[in-house]
A.B. asks: 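Let me begin by handing over the structure; questions about it come next.
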Amino acid sequence: MSGRVFPAFYDVVRRIPAGKVATYGQIARLAGMPRCARLVGYAMAACQDPAVPCHRVVDRFGGTKAAFDTFAPGTQRALLEAEGVDFRLDGTVDLEHCLWSPQT
DNA sequence: CCGATGACCAAAC
DNA sequence: TGTTTGGCCATCG
């Protein structure tokens, strides 16, 4: 079961500062697998590690995927709002304003 | 044990 | 220019 890349994803997600969000593609890219965004989503789905702020991970459109099973519906958005993340009227994260940059 | 799918994104045709 | 397939690892049935 030795995960090969999941730990790498967790490491990247852990780097995300509060008040910021990252996309699956970015994390996958930083992990060295630009085409493994799917794995990132699955890794977050299996986020058994509390040190991994999977709630700071959103899709490329900023959709927080409220229909998420890991947390109660709407919990993810509440966590992000609590961290200072701005949300749009449609309930998506303002990536233009809160998208995390790999350098910071 | 094996097959299929999955919180996705990007390149190719 | 838009639409479709590909790709990767782990977990579920």
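Letters A, B, ... are given to chains in the order of the sequence lines, protein chains preceding strands, and every chain is numbered from 1.
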A.B. asks: Find the distance Tyr42(A):OH to dC9(B):P and express it as a whole number of Å.
C.D. replies: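 Going from OH in Tyr42(A) over to P in dC9(B) covers 18 Å.
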A.B. asks: Starting at CG of Asp59(A) and ending at P of dG6(B), how long is that distance when rounded to a whole Å?
C.D. replies: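 The answer, rounded to whole Å, is 16 Å.
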A.B. asks: Do other residues, nucleotides or ligands put more than 12 heavy atoms under 6.0 Å from the CZ atom of Arg60(A)?
C.D. replies: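 Atom CZ in Arg60(A) is not packed in, count stays at 12 or less.
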A.B. asks: Could you check whether Gly41(A) gets within reach of a base, just the sugar-phosphate, or nothing at all, counting any heavy atom under 4.0 Å?
C.D. replies: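 Answer is base: heavy atoms of Gly41(A) come under 4.0 Å of a base.
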A.B. asks: Whole-Å distance between dC8(B) P and Leu30(A) CG?
C.D. replies: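 In whole Å, dC8(B) P lies 19 Å from Leu30(A) CG.
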A.B. asks: Which nucleotide in the list dA10(B), dC9(B), dC8(C) gets nearest to the side chain of Arg38(A)?
C.D. replies: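 Comparing dA10(B), dC9(B), dC8(C) against the side chain of Arg38(A), the answer is dC8(C).
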A.B. asks: Mind checking the P distance from dA12(B) to dC8(C)? Whole angstroms is fine.
C.D. replies: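 dA12(B) and dC8(C) have their P atoms separated by 15 Å.
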A.B. asks: Let me know, please, whether Arg29(A) or Ala46(A) comes out on the 5' side of the other along DNA chain B by nearest nucleotide.
C.D. replies: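 Between the two, 5'-proximity favours Ala46(A).
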A.B. asks: Which distance, rounded to the nearest 0.5 Å, do you find between the CG of Asp94(A) and the CG of Leu80(A)?
C.D. replies: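 Reported to 0.5 Å precision, the distance equals 12.5 Å.
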A.B. asks: Please give, in whole Å, the distance from dC9(B) C1' to Gln26(A) CD?
C.D. replies: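 Nearest whole value for this atom pair: 12 Å.
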A.B. asks: Which whole-number value in Å describes the distance from Asp49(A) CG to dT11(C) P?
C.D. replies: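 Going from Asp49(A) (CG) to dT11(C) (P), I get 13 Å.
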A.B. asks: Please measure how far the P atom in dT5(C) lies from the corresponding atom in dT5(B), and state the result in whole Å.
C.D. replies: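 About 14 Å, rounded to a whole number of Å.
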A.B. asks: Could you check how far OH of Tyr24(A) sits from C1' of dG6(B), rounded to whole Å?
C.D. replies: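 Interatomic distance, OH of Tyr24(A) to C1' of dG6(B): 11 Å.
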A.B. asks: In whole Å, I'd like the distance from the CG atom of Leu39(A) to the C1' atom of dG6(C).
C.D. replies: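 To the nearest whole Å, that distance equals 13 Å.
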A.B. asks: Measure CZ/Phe61(A) against C1'/dC8(B) and give the value in whole Å, please.
C.D. replies: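 For the pair Phe61(A) CZ and dC8(B) C1', the rounded distance is 10 Å.
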A.B. asks: What residue among Leu39(A), Val13(A), Asp11(A) forms side-chain contact (heavy atoms from CB on, under 4.5 Å) with Ile27(A)?
C.D. replies: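 The residue from Leu39(A), Val13(A), Asp11(A) that satisfies side-chain contact (heavy atoms from CB on, under 4.5 Å) with Ile27(A) turns out to be Val13(A).
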A.B. asks: Are Arg77(A) and Phe87(A) in a cation-pi setup, meaning NZ or CZ lies under 6.0 angstrom from the ring centre and within 45 degrees of the ring axis?
C.D. replies: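 Yes, Arg77(A) and Phe87(A) form such a contact.
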